[in-house]
Asker: 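Here you go, one structure.
This structure is a prediction, so every number in the text was calculated from the model and none was measured. These numbers come from the heavy atoms of this one structure, side chains and all, not from hydrogens, waters or symmetry mates.
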Amino acid sequence: MTHLPFLQRQRGTVLVIGLIMLVLITLMVTVAYKFSTTNLKSVGNMQSRNEATASATKAIEQVVGSWNFGTAPVADEINVDIDNDGVTDYIVKVAAPVCVKATATTITADLGGDCPPGSDGLFHPENCPKESTSIFNTVWDIDATATSSSGTRVRVRQGISKSISKDQCDAACPPAPGAQCA
């Protein structure tokens with residue numbers, strides 16, 4: 001049997017280089033897998049946070065929409081099914097809305113009907129009968145905390161502005177306990 005001289009000089013170099021390449025490829029795959037898992041967790045956490053924020057906002061809108069501002073505000077706990085599958089996803093605790101400010105404003109409106117002419121016989125809008133009404137422009141702070149069964153917890157604070165009557169202001173937003181809006 002004849003041996004070729006160049007084969008005698010190779011002493012497993014290809015095998016060593018092949019093993020090194022295999023280790024490098026394995027390391028790259030492992031690092032890529034860890035990065036993808038971390039990104040997946042990050043996206044999942046962000047989705048949970050956004051759902052919790054949406055749940056808290058939905059609960060605040062529900063409280064504001066159902067409250068007539070004729071009574072003192074109360075705290076409420078609302079179950080939110082964010083994905084409409086019939087299962088409560090988030091429990092939102094809405095603190096009693098806090099009246100931050102109430103400012104009296106007078107609105108004057110024409111009553112309509114016939115306006116008497118002025119002394120010059122011409123029509124003047126200032127001669128029309130008017131009615132003045134006092135309303136209160138109020139600012140409210142509403143605080144809600146949404147919690148999921150998985151442990152996600154988000155606190156949302158939202159401010160709203162609402163124009164209400166004096167009776168509503170006296171009931172819901174007095175300047176001090178037992179006082180009346182002025």
Asker: Decide whether Asn137 and Ser163 meet the rule of one side-chain donor and one side-chain acceptor closer than 3.5 Å.
Answerer: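 Yes, because at least one side-chain N or O of Asn137 sits under 3.5 Å from a partner of the opposite role on Ser163.
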Asker: Quick one: does any side-chain atom of Asn39 pair with a main-chain N or O of Val43 as donor and acceptor, under 3.5 Å?
Answerer: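 Pair absent, no side-chain N/O of Asn39 close to backbone of Val43.
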Asker: Taking the side chain as everything from C-beta on, heavy atoms only, tell me whether Thr105 gets closer than 4.5 Å to Phe136.
Answerer: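 Heavy-atom side-chain distance check fails, nothing below 4.5 Å.
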Asker: Enter the distance from Ile25:CD1 to Ile20:CD1 here, rounded to the nearest 0.5 Å.
Answerer: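 If we round to the nearest 0.5 Å, Ile25:CD1 and Ile20:CD1 are 12.5 Å apart.
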Asker: I need the Leu22 CG to Ile17 CD1 distance, nearest 0.5 Å.
Answerer: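 One finds 13.5 Å between CG of Leu22 and CD1 of Ile17.
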Asker: Does Val94 offer a backbone N or O that forms a donor-acceptor pair with the side chain of Asp76 under 3.5 Å?
Answerer: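 No, Asp76 side chain to Val94 backbone: no donor-acceptor pair under 3.5 Å.
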Asker: Taking Val92 as the fixed residue, which of Val154, Val80, Val156, Val63 is the one that meets the side-chain contact (heavy atoms from CB on, under 4.5 Å) rule?
Answerer: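 Between Val92 and the candidates, side-chain contact (heavy atoms from CB on, under 4.5 Å) is satisfied uniquely by Val80.
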Asker: Just checking Lys166: does its NZ atom have more than 12 heavy atoms from other residues, nucleotides or ligands closer to it than 6.0 angstrom?
Answerer: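 Yes.
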Asker: Check whether Ser148 reaches the backbone of Ser150 with its side chain - one donor and one acceptor, N or O, closer than 3.5 Å.
Answerer: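 Yes, because the side chain of Ser148 sits within donor-acceptor range (under 3.5 Å) of the backbone of Ser150.
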Asker: Given Val98 and Trp140, is the side-chain contact (heavy atoms from CB on, under 4.5 Å) satisfied, shown in steps?
Answerer: CA-CA 5 Å; Val98 176; Trp140 297 84; 5.8 Å; no
Asker: Show the numbers, then the answer: is there a side-chain contact (heavy atoms from CB on, under 4.5 Å) between Asn50 and Met46?
Answerer: CA-CA 6 Å; Asn50 288 343; Met46 189 167 38; 4.0 Å; yes
Asker: For residues Asp83 and Asp89, determine if any side-chain heavy atom of one lies less than 4.5 Å from a side-chain heavy atom of the other.
Answerer: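 With C-beta onward as the side chain, the pair touches.
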Asker: In the single-linkage hydrophobic clustering (I, L, V, M, F, W, Y; side-chain heavy atoms under 4.5 Å), do Val139 and Ile142 co-cluster?
Answerer: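 Different clusters: Val139 never reaches Ile142 through Ile, Leu, Val, Met, Phe, Trp or Tyr contacts under 4.5 Å.
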Asker: Among Thr145, Thr53, Asp143, whose side-chain hydrogen bond (donor to acceptor under 3.5 Å, both in side chains) with Arg155 holds?
Answerer: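 With Arg155 as partner, side-chain hydrogen bond (donor to acceptor under 3.5 Å, both in side chains) holds for just one option, Asp143.
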Asker: Please report the interatomic distance OG1(Thr57) to CD(Gln158), rounded to the nearest 0.5 Å.
Answerer: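 Between Thr57 OG1 and Gln158 CD, I get 6.0 Å after rounding to 0.5 Å.
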Asker: Would a hydrophobic clustering, with Ile, Leu, Val, Met, Phe, Trp and Tyr connected at side-chain separations under 4.5 Å, put Ile160 with Trp67?
Answerer: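 Ile160 clusters together with Trp67.
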Asker: Any donor-acceptor pair under 3.5 Å linking the side chain of Gln168 with the backbone of Ser165?
Answerer: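 Side chain of Gln168 to backbone of Ser165, a donor-acceptor pair under 3.5 Å: yes, one is there.
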Asker: Backbone N or O of Thr26 within a donor-acceptor pair of the Thr30 side chain at under 3.5 Å?
Answerer: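 Confirmed, Thr30 side chain pairs with Thr26 backbone.
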